[in-house]
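Note that ligands are numbered from 1 as they come in the structure, with each ligand's atoms numbered from 1 the same way.
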Amino acid sequence: MKHEFKSESKRLLDLMINSIYTNKDIFLRELISNASDALDKLYYRSLTDKKIKVDKEKLQIDVSFDEKKRTITISDSGCGMTKEELESNLGTIAKSGSLQFKENMSKDEKIDIIGQFGVGFYSAFMVSDKITVTSKSVDSLEAYSWESEGADGYTIDKAKKDSVGTEIVLHIKEDTENEDYSKYLNEYELKSLIKKYSDYISFPIKMEVTHQHLVDEKKQKYEEHKEIETINSMVPLWKKDKKDVEDSEYDNFYMDKFNDYDKPLKVIYSNVEGMTSYKSLLFIPSHAPADYYSQDYEKGLALYTNGVLIMDRCADLLPDYFSFIKGVVDTEDLSLNISREMLQESHSLKLIAKNIESKIRKELETMLKEDRETYISFFKTFGVQLKYGIYNNFGADKDKLKDLLMFYSSKHEKLITLKEYVEQMKDGQEKIYYASGSSISKIDSMPQVEQVKDKDYDILYLTEYVDEFAITAIGEYESKKFANVESKDLDLETEEEKENTKKANESNADMLKEMVAKIGEVSDVKFTNKLKNHPVCLTTKGDVSIEMQKVFDAMPNDLGIKAETVLEINEKHPISNKLKDLYKNDKDGFDKYTKILYSEARMIAGLPIENPTEISNLICDVISK
Ligand code: ADP
């Protein structure tokens, strides 16, 4: 019976097979990696389950080809798959990836799809027009065979196979005008692909290799003989001395193991000997994985003990704020039979996690100092995660992370650190000024920004919604407090200006009080001297800023957290005298002006106008007079 692929799988498969994948070569490394994983799984089971016996010597991967039949066969003596596993593992592509998949389609980044969804197996369809997978699971007495010719679907039938493991037969496509598929049906080509991409695989990858030897020197006569050989060097990459490894080997390892189509931004290698010894090979990806900001994303490092994989993603090895790090850790100090619960309590593991955290942090600090461009690229991708890290856990980690933050500076017009801001503060400047908004240009045109810029003070522009929460959690940097330019008490006026404002507010107290009552939502209405050209603005008292209120408003459950706002009116603007005049002579006009001015202030602050029709009618009333 023929089974259809799940519909989204079908589209993905179609797209992948027909897309111009720049590197078809990777199909072999994907299949070998799967085989290696299967061997890892079986070996681990045998160490923890006495009923399962395996001979370590026999754990291997075999690669062969048949030029005439146009087939390549990859087989392993790993854990194998049951009928159900064949169905669920090979019948659905990218189980959780439907949303991101759609997003990617629109970006026309077809090439990226394979890596992003861990659909490694299907990459074999780039070079094959038919694939047969015959597998016998360690948990089953029967063997089954899965077969597919691509997007049409697949069949699963009972099969004959004596030993536990999986055999994959690829039927290689015919050559076309543009594509040479036959090149894969060649000993030298396959051998170099294995060497290039799978050298570090810790199980032997065996292949029949042809040797020539001279039998008659005078006649230069050679004879051929064939021999099965192990092609890969089998030393896991993290066990090799750093100086013996080429950068491209680390890159290939990363791309293979973590299903990325791009090289990592940074490779971090450690070899620690001491109370707890371990080797680790960590990577900072150059872009966020497709599911990074979804709930499906699982952080963690692959954990090996003595070369045996005991856990694919050990979450306890990474703090949340470094959840984007990928990599492996290998230690001798853990027992194989360790359960997840025991692992969490393990003292060695905690020590390793602590070391890893500080190693990553130091590497980032160094990158910021010595390779700013790369750091900025990192920060643009993962900076949000660091900012979350600052205010999560009630700010417990803020001191570790605050020097890794960068914000856009109004003066320098680029990202700077808090340290750089403070170092360049002007004489007499007491505070670190910041302004929040949805974009740099919007912040630039805020009335409150002008006043601070006039004093020649730098302002940090916070454009991401987590920014202000992070800043608030930090509280102060090198004893300098942060001040939002929209807060009421910026205290930037001269004594004379202050005196003028005070007088204006006192002599018009009744009028201002009436405006507060009319508007209803503001806690105060005040004359101000701080607005140069702008007539009005909205400022806040207390801890909740307008930008923070927008974040709270966007949350699904109404927490009832509101910013305490103040409507400020430019005392030097002609509108001030107009208001005073209306208050005395035209109460109706005064009402209208109050409503219009308050709506203007809300608009500038990016807040919604509750009744836009009413306001636009009022404006028309006023201007048509
Ligand atoms: P990934 O390896 O990223 O999970 P694949 O599409 O390459 O995605 O493989 C899907 C799943 O099929 C694997 O996770 C594994 O469970 C199973 N699988 C693939 N190849 C083998 C194999 N040789 N032996 C056992 N299981 C396999």
Problem - Residue pair Leu185, Ile172: steps toward the side-chain contact (heavy atoms from CB on, under 4.5 Å) verdict - result: CA-CA 8 Å; Leu185 297 162; Ile172 301 299; 3.9 Å; yes
Exercise for the section: Classify the angle between the aromatic ring planes of Phe283 and Tyr254 as parallel (below 30°), tilted (30 to 60°) or perpendicular (above 60°). Expected result: tilted
Handout entry: Polar proximity ligand 1 side, Asn34 side, N/O cut 3.5 Å exclusive
Key = yes
Handout entry: Enumerated ligand 1 atoms positioned under 4.0 Å from heavy atoms of Asn259
Key = 3 (O)
Practice task
Check if Met81 has a non-hydrogen atom at a distance under 4.0 Å from any atom of ligand 1.
Solution key: yes
Handout entry: Atoms in ligand 1 with a heavy atom of Ala38 nearer than 4.0 Å
Key = 24 (N), 25 (C)
Problem - ring-ring contact (aromatic ring centres under 6.0 Å, His included) assessment of Phe324 paired with Phe378 - result: CA-CA 11 Å; Phe324 48 83; Phe378 156 77; 5.5 Å; yes
Practice task
Could you tell me whether Tyr465 atom OH has more than 12 heavy atoms of other residues or ligands within 6.0 Å of it?
Solution key: no
Practice task
May I ask you to identify, for Asp37, whether its side chain, its backbone, both or neither come under 4.0 Å of ligand 1 on a heavy-atom basis?
Solution key: neither
Practice task
Could you tell me whether some N/O pair between Phe121 and ligand 1 is separated by less than 3.5 angstrom?
Solution key: yes
Exercise for the section: Determine, for Asp312 against Lys41, whether the closest basic-nitrogen to carboxylate-oxygen distance falls under 4.0 angstrom. Expected result: no
Exercise for the section: Just go through Leu39, Thr166, Val133, Leu42 and tell me whose heavy atom is the nearest to atom 22 (C) of ligand 1. Expected result: Thr166
Fill in the blank from the handout: If you compare Asp76, Asn89, Leu31 by their heavy atoms, the one closest to atom 11 (C) of ligand 1 turns out to be Asn89
Exercise for the section: Answer yes or no: are there more than 12 heavy-atom neighbours, outside Lys83 itself, under 6.0 Å from its atom NZ? Expected result: no
